[in-house]
Trainee: 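Below are the structure tokens for one structure; questions will follow.
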Amino acid sequence: MGIASQEVIRQLQALIDQVEEPLKKTYQNVHQGYPTENLARFLKAREWNVAKAHKMLLDSLNWRIQNEIDNILAKPIVPTELYRAVRDSQLIGLSGYSKEGLPVFAMGVGLSTFDKASVNYYVQSHIQINEYRDRVILPSASKKYGRPITTCVKVLDMTGLKLSALSQIKLLTIISTIDDLNYPEKTNTYYIVNVPYIFSACWKVVKPLLQERTRKKVQVLPGCGRDELLKIMDYASLPHFCRKEGSGSSRHSENGYENCYSLDHHFHQQLYNYIKQQASKRQPVAPIKHGSFHVDLPEPVAEGTEIAKTIESELHKFGNGNGISGSLNGLKINND
């Protein structure tokens, strides 16, 4: 980090030092003891403009307070059957760590259906995974490796990506907008694997719309991406859909490989148990209430809206020209 960058960070730190106590308290949950690295994230997201980064960070801290984000890890999705349905239709999991210690998150973009619960449950689940990553996983990795680890790697599996069902674009744009505004620069690299032709066609159109800093993070790998991913992680950390060329479904594991999406996977078991424990600490006597944790849904940022509209337009053209129907689940590159 250069001298100029350090000076800009000091300027932003001086402004944040002036905020009121409630904002300072929630910011502690954001930086987890690494304020410099987290200030840098917001500055990167606003092209190192101190005034814009300051506004972005303040807006995010106020969003956390207004929506009680600090308490979201004490709000389990119950009953367990409902949470299992969410996990079966919102495919995400932690498969391991890179050789540099970065958590590796696997995402089944093509086969996620988002059809087993309301929008609020999917948003709640997404934010809980973000918060657990930032408050538990990344601090633990930082302690283990003896240096700040504040970002992760994402492997996006496009297996099963189809057309239509474009209503999912709205939900995915909401989720990515929450990430854009409140969890910026948390992903080091996006690796996209098992790419069907439909994605290749849309990617050519979408890529120019992305900001340069986002484009540089995206790598579309050949096939299941196994050989390229083994350069940055051990075999044990490969998502199950990257372990065998042409293995097909990203929803199920094969040959005994762990399915990191499943509620039965140790990551989701640890996460779910952690949330239930936090809930019992807050309300040791009262039963856990059913119902989703409502979060104010943001208006999509300009870039996300533009990308979603372009994807929808291109897919309509693609479908009309090829007579193909099906469902599109998740063609959205998060700019986080």
Side-chain angles (χ1 to χ4, degrees), residues 8-77 118-139 148 150-152 170-187 211 213-214 275 278-279 282 291-305 308 334-336:
V8 172
I9 290 173
R10 280 195 290 270
Q11 292 175 23
L12 182 55
Q13 180 66 65
L15 293 172
I16 295 301
D17 286 342
Q18 299 173 25
V19 302
E20 297 178 354
E21 192 58 36
L23 295 183
K24 287 183 179 179
K25 185 175 180 180
T26 194
Y27 184 52
Q28 291 175 358
N29 275 330
V30 175
H31 68 64
Q32 288 294 318
Y34 299 102
T36 299
E37 289 75 14
N38 280 278
L39 291 173
R41 289 194 298 109
F42 283 87
L43 284 162
K44 287 178 184 177
R46 289 298 178 262
E47 308 298 333
W48 296 91
N49 183 301
V50 175
K52 291 181 178 180
H54 180 230
K55 182 181 184 305
M56 182 187 188
L57 182 49
L58 284 184
D59 288 346
S60 179
L61 296 179
N62 280 306
W63 171 81
R64 294 181 66 88
I65 292 174
Q66 291 163 9
N67 292 280
E68 299 183 8
I69 300 300
D70 289 342
N71 298 330
I72 200 169
L73 288 180
K75 302 288 184 178
I77 296 175
S118 69
V119 168
N120 287 305
Y121 280 115
Y122 288 114
V123 171
Q124 177 181 350
S125 167
H126 178 79
I127 295 175
Q128 284 179 330
I129 291 175
N130 279 357
E131 290 292 311
Y132 188 73
R133 174 197 66 195
D134 293 352
R135 294 197 231 169
V136 178
I137 293 174
L138 291 174
T150 57
T151 61
C152 66
K170 181 178 180 181
L171 171 58
L172 292 161
T173 302
I174 288 171
I175 287 175
S176 65
T177 300
I178 288 173
D179 286 348
D180 290 341
L181 299 178
N182 303 290
Y183 303 94
E185 297 293 324
K186 295 300 295 190
T187 303
Q211 295 180 14
R213 64 185 176 85
T214 304
I275 293 174
Q278 295 302 307
R282 292 178 60 85
S292 59
F293 185 92
H294 287 252
V295 174
D296 291 338
L297 302 181
E299 289 295 323
V301 293
E303 183 187 33
T305 303
N334 290 346
N335 179 23
D336 58 343

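Just so it is clear, the values below take in all heavy atoms, side chains as well, and ignore hydrogens, waters and symmetry mates.
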Trainee: Do the side chain of Q128 and the main chain of I77 share a donor and acceptor less than 3.5 angstrom apart?
Mentor: no
Trainee: If you round to the nearest 0.5 Å, how far is CG of N130 from CD1 of I69?
Mentor: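 Here the rounded value is 10.0 Å.
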Trainee: Show, in sequence, the C-alpha distance, side-chain angles and deciding distance for H54 and Q11, and conclude whether the side-chain contact (heavy atoms from CB on, under 4.5 Å) test is met.
Mentor: CA-CA 10 Å; H54 180 230; Q11 292 175 23; over 6 Å; no
Trainee: Looking only at heavy atoms, what is the nearest atom pair of R64 and Y183, with distance?
Mentor: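 Heavy-atom minimum between the residues: NH1-OH, 4.1 Å.
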Trainee: What is the distance from atom CG of N120 to atom OG of S125, rounded to the nearest 0.5 Å?
Mentor: 12.5 Å
Trainee: Any idea which heavy atoms bring V50 and V8 closest together, and the distance?
Mentor: CG2-CG1, 3.4 Å
Trainee: Can you give me the closest heavy-atom contact between A45 and E185, atom names plus distance?
Mentor: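 Smallest heavy-atom distance, with atoms named: N-CG, 4.3 Å.
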Trainee: Which is it for L181 and W63 under the side-chain contact (heavy atoms from CB on, under 4.5 Å) test, yes or no, and what are the steps along the way?
Mentor: CA-CA 10 Å; L181 299 178; W63 171 81; over 6 Å; no
Trainee: Got a sec: does the CD of E21 have more than 12 other heavy atoms crowding it under 6.0 Å?
Mentor: yes
Trainee: Search all heavy atoms of P148 against all heavy atoms of E37 and return the closest pair with its distance.
Mentor: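 Minimum heavy-atom separation between P148 and E37: CG-OE2, 3.5 Å.
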Trainee: When you measure from the side chain of R46 to the backbone N and O of A51, does any donor-acceptor pair fall under 3.5 Å?
Mentor: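 No: the side chain of R46 does not pair with the backbone of A51.
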Trainee: Can you name the nearest heavy-atom pair linking Q13 to P35, along with the distance?
Mentor: OE1-CB, 3.9 Å
Trainee: Rounded to the nearest 0.5 Å, what separates atom CG in D180 from atom OG in S60?
Mentor: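 D180 atom CG to S60 atom OG measures 11.5 Å (nearest 0.5 Å).
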Trainee: Could you give the distance from CG (L43) to CZ (R41), rounded to the nearest 0.5 Å?
Mentor: 11.0 Å
Trainee: Is there side-chain contact between L58 and V19, with at least one heavy-atom pair below 4.5 Å?
Mentor: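 When only atoms from C-beta onward are counted, V19 and L58 do touch, with a gap below 4.5 Å.
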Trainee: Are L172 and Y122 close enough, and set up right, to give a side-chain contact (heavy atoms from CB on, under 4.5 Å), and what steps lead you there?
Mentor: CA-CA 10 Å; L172 292 161; Y122 288 114; over 6 Å; no
Trainee: Starting at CG of N67, measure out to CD of Q124 and round the result to the nearest 0.5 Å.
Mentor: 12.0 Å
Trainee: Measuring only between side-chain heavy atoms, which start at C-beta, is Y132 closer than 4.5 Å to I275?
Mentor: no
Trainee: Can you find a heavy atom in the side chain of K52 that is under 4.5 Å from one in the side chain of M56?
Mentor: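 A side-chain contact is absent here, since even the closest heavy-atom pair is not under 4.5 Å.
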Trainee: How close do K186 and L138 get, counting heavy atoms only, and between which atoms?
Mentor: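 So the two residues come closest at NZ-CD1, 3.6 Å.
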Trainee: Could you give me the CA-CA distance, side-chain angles and deciding distance for L61 and V30, then say whether side-chain contact (heavy atoms from CB on, under 4.5 Å) is met?
Mentor: CA-CA 9 Å; L61 296 179; V30 175; 4.1 Å; yes
Trainee: Using side-chain heavy atoms (C-beta onward) and a distance below 4.5 Å, is D179 in contact with H126?
Mentor: yes
Trainee: Within the distance-only criterion (no hydrogens, no angle test), does the side chain of T177 pair as donor or acceptor with the backbone N or O of T173 below 3.5 angstrom?
Mentor: yes
Trainee: Once rounded to the nearest 0.5 Å, what's the spacing between atom CZ of R133 and atom OG1 of T150?
Mentor: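 Reported value, rounded in 0.5 Å steps: 10.0 Å.
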